[in-house]
Each structure stands twice: as structure tokens, then as C-alpha cells.
Amino acid sequence: MFIFIDEFQEMDASLMGMLIGLQHQLGQKALPFYIIGAGLPNLPGVLTTSRSYAERLFEYREIGRLSDEATARCLQETVQQSGRTFTKEAIDRLLEDTKGYPYFIQAYGEATFNEADSSPIPIEAVLAGEHEALRVLDQGLYESRWQRSTKQGRQYMRAMAALHTEVCDSAAVARFMHKKTQGIFKARKTLIKLGLIYAPRTRKSGVYRPRHG
């Protein structure tokens with residue numbers, strides 16, 4: 001039996017604990033019961049918090065951004081189903097816009113397709129659809145995450161964005177906010193728990209600035 005769960009980190013703690021416990025019991029009896037879960041990078045920590053032995057039950061595989069080649073193939077093969085294709089200039093612009101993030105590819109690809117009335121789809125259609133793609137991302141991704149944060153958490157994320165770096169050091173964030181590092185620890189911890197920012201594995205004092213989530 002397989003159970004597939006998306007956004008696993010958002011599951012109610014009691015239900016998550018029950019499923020993990022069930023998997024453990026059935027696994028000890030060598031019965032075929034599997035949980036296939038997808039979630040944000042904070043998921044391993046959430047699972048371990050729910051049940052301390054959870055780390056022994058799951059195999060973790062990180063799925064990151066798509067390569068330029070995979071992104072281009074995804075876009076081209078999708079529109080080919082409708083008898084169209086993209087020009088090289090359009091693909092190059094979409095690669096720049098999406099950065100390989102699957103949700104970005106979906107948003108920009110759809111907006112571009114809706115703006116196109118010819119084949120191959122030109123770069124002009126990409127440019128015309130960018131505003132709509134950003135609107136979709138703002139409403140469907142960023143706004144919901146922004147609303148989940150506290151006032152101090154939003155200040156923290158503003159500071160991270162203002163640093164314009166892929167990885168933000170907590171000390172740099174504190175300096176930007178004119179506060180001591182200890183004074184922003186609670187906000188940082190809450191944001192990580194909510195899955196809004198992520199702690200790099202190689203540097204305990206820093207946090208990743210998410211491009212999308």
C-alpha cells in the first residue's frame with residue numbers, strides 16, 4: 001500500500017505522528033506499507049519532531065531547480081502538444097525569467113502561451129506575459145507566505161531581500177535591521193519553522209533567501 005502526501009510539512013502533528021507510527025509498526029512486520037511525501041526543505045525536521053525515530057524510516061531526496069536544458073525541453077514539449085514551438089530568443093528569455101523553478105516555469109509558460117497567436121512563439125509573447133506571470137506568483141505563492149509570517153518575520157525577510165544575496169548571514173541581517181543577532185533569533189527560528197526560509201547545511205549562522213519558497 002502506498003500513501004502519497006504533498007506539502008507533508010503542513011500536516012496536522014497528531015495525524016503525522018499516527019502515520020509515522022503506523023509505518024514503523026507495519027515495517028517491523030515486513031508488511032508493504034509506504035509513505036511517499038513531498039514538502040519543503042524543513043520537512044525532515046518536522047518529521048523528526050513528530051517522532052524521534054522518523055529519520056530512520058525515511059529516505060530523503062532533494063529536488064532542486066531544473067537545468068536550463070531540462071527547462072527548455074519542458075517548455076518546448078508542452079507547447080508542441082498544441083502544434084507550436086518557441087523561438088530560441090523566447091526560450092532564452094524564459095530561462096532567465098524562471099531560473100529553473102517548476103512553479104515559475106508553469107506561470108511564465110502559461111502566460112506566454114496565452115499571449116501568443118503564432119508559431120513559433122516569439123520573445124514578444126514572453127515579454128507581454130511577464131506581468132501576468134508575476135501577478136500569478138504574487139497571489140499564489142508570495143502573498144500566502146507573507147500572510148503566514150509575523151510582523152517581525154516580515155521585517156526579517158525585507159532585510160534578507162535588501163541584501164541581494166543568495167545566502168544571507170544572520171549577522172548581516174541583524175546589522176541591516178540595526179539589531180543584535182540575538183535579538184532576531186526568535187524571528188529567524190519562527191520563519192524556518194514555517195518553511196519560509198531555510199538554514200544552510202554548511203553554515204549554521206546563515207539562512208537561504210528563497211527565490212520562490
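Every heavy atom of this structure was used, including side-chain atoms; hydrogens, water molecules and symmetry mates were not.
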Undergrad: Which is it for Leu43 and Phe58 under the side chain to side chain contact (heavy atoms under 4.5 Å, CB included) test, yes or no, and what are the steps along the way?
TA: CA-CA 11 Å; Leu43 178 56; Phe58 291 92; over 6 Å; no

Undergrad: Answer yes if Met1 and Ile5 sit in the same cluster of Ile, Leu, Val, Met, Phe, Trp and Tyr residues linked by side chain heavy atoms under 4.5 Å apart, and no otherwise.
TA: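 Looking at the clustering, Ile5 is in the same group as Met1.
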
Undergrad: Does atom CG of Leu31 have more than 12 heavy-atom neighbours from other groups under 6.0 Å away?
TA: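 Yes, the 6.0 Å shell around CG holds more than 12 heavy atoms from other groups.
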
Undergrad: Give, for atom CD1 of Ile121 and atom CG of Leu94, the distance between the pair rounded to the nearest 0.5 Å.
TA: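 Ile121 atom CD1 to Leu94 atom CG measures 9.0 Å (nearest 0.5 Å).
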
Undergrad: Around atom CD of Glu110, are there more than 12 heavy atoms from other residues, nucleotides or ligands closer than 6.0 Å?
TA: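 No, not enclosed.
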
Undergrad: Given the rule that I, L, V, M, F, W and Y join up when any side-chain heavy atoms are under 4.5 Å apart, are Tyr53 and Ile35 in one cluster?
TA: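 Result: yes, single cluster for both.
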
Undergrad: Within the 3.5 Å criterion, strictly below it, is a donor on Gln23 or Gln25 matched to an acceptor on the partner's side chain?
TA: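 The answer is no; no qualifying pair exists.
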
Undergrad: Should we count CD of Glu69 as having more than 12 external heavy atoms under 6.0 Å?
TA: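 No.
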
Undergrad: List for me each residue that meets side chain to side chain contact (heavy atoms under 4.5 Å, CB included) alongside Ile91, sequence neighbours excluded, and say none if there are none.
TA: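 Per chain and number, Ile91 pairs via side chain to side chain contact (heavy atoms under 4.5 Å, CB included) with Ala72, Leu75, Gln76, Phe86, Leu95.
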
Undergrad: Would you sort out whether Leu137 and Tyr103 count as a side chain to side chain contact (heavy atoms under 4.5 Å, CB included), showing the intermediate values?
TA: CA-CA 8 Å; Leu137 291 172; Tyr103 190 34; 3.8 Å; yes

Undergrad: List the atom of Ser119, the atom of Gly83, and the distance in Å for their closest heavy-atom pair.
TA: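 Minimum heavy-atom separation between Ser119 and Gly83: OG-O, 4.0 Å.
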
Undergrad: For Glu96, does its backbone N or O pair with a side-chain atom of Lys99 as donor and acceptor, under 3.5 Å?
TA: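 Judged by distance alone, yes, a pair lies under 3.5 Å.
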
Undergrad: Taking Leu57 as the starting point, is it possible to reach Phe2 by hopping between hydrophobic residues whose side chains are less than 4.5 Å apart?
TA: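 Each belongs to a different hydrophobic cluster.
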
Undergrad: Any chance you could measure Leu15, atom CG, to Ile20, atom CD1, to the nearest 0.5 Å?
TA: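 The CG atom of Leu15 sits 10.0 Å away from the CD1 atom of Ile20.
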
Undergrad: Kindly write out the residues that satisfy side chain to side chain contact (heavy atoms under 4.5 Å, CB included) with Ile184, not counting sequence neighbours, or none if the list is empty.
TA: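 If we apply the side chain to side chain contact (heavy atoms under 4.5 Å, CB included) test to Ile184, skipping adjacent residues, the hits are Tyr156, Val173, Ala174, Met177, Lys179.
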
Undergrad: Hey, is the main chain of Leu196 close enough, under 3.5 Å, to the side chain of Arg148 for a donor-acceptor pair?
TA: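 Absent.
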
Undergrad: Using every non-hydrogen atom in the two residues, find where Ala125 and Glu115 come nearest and quote the distance to one decimal.
TA: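 Taking Ala125 first and Glu115 second, the nearest heavy atoms are O-CB, 3.7 Å.
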
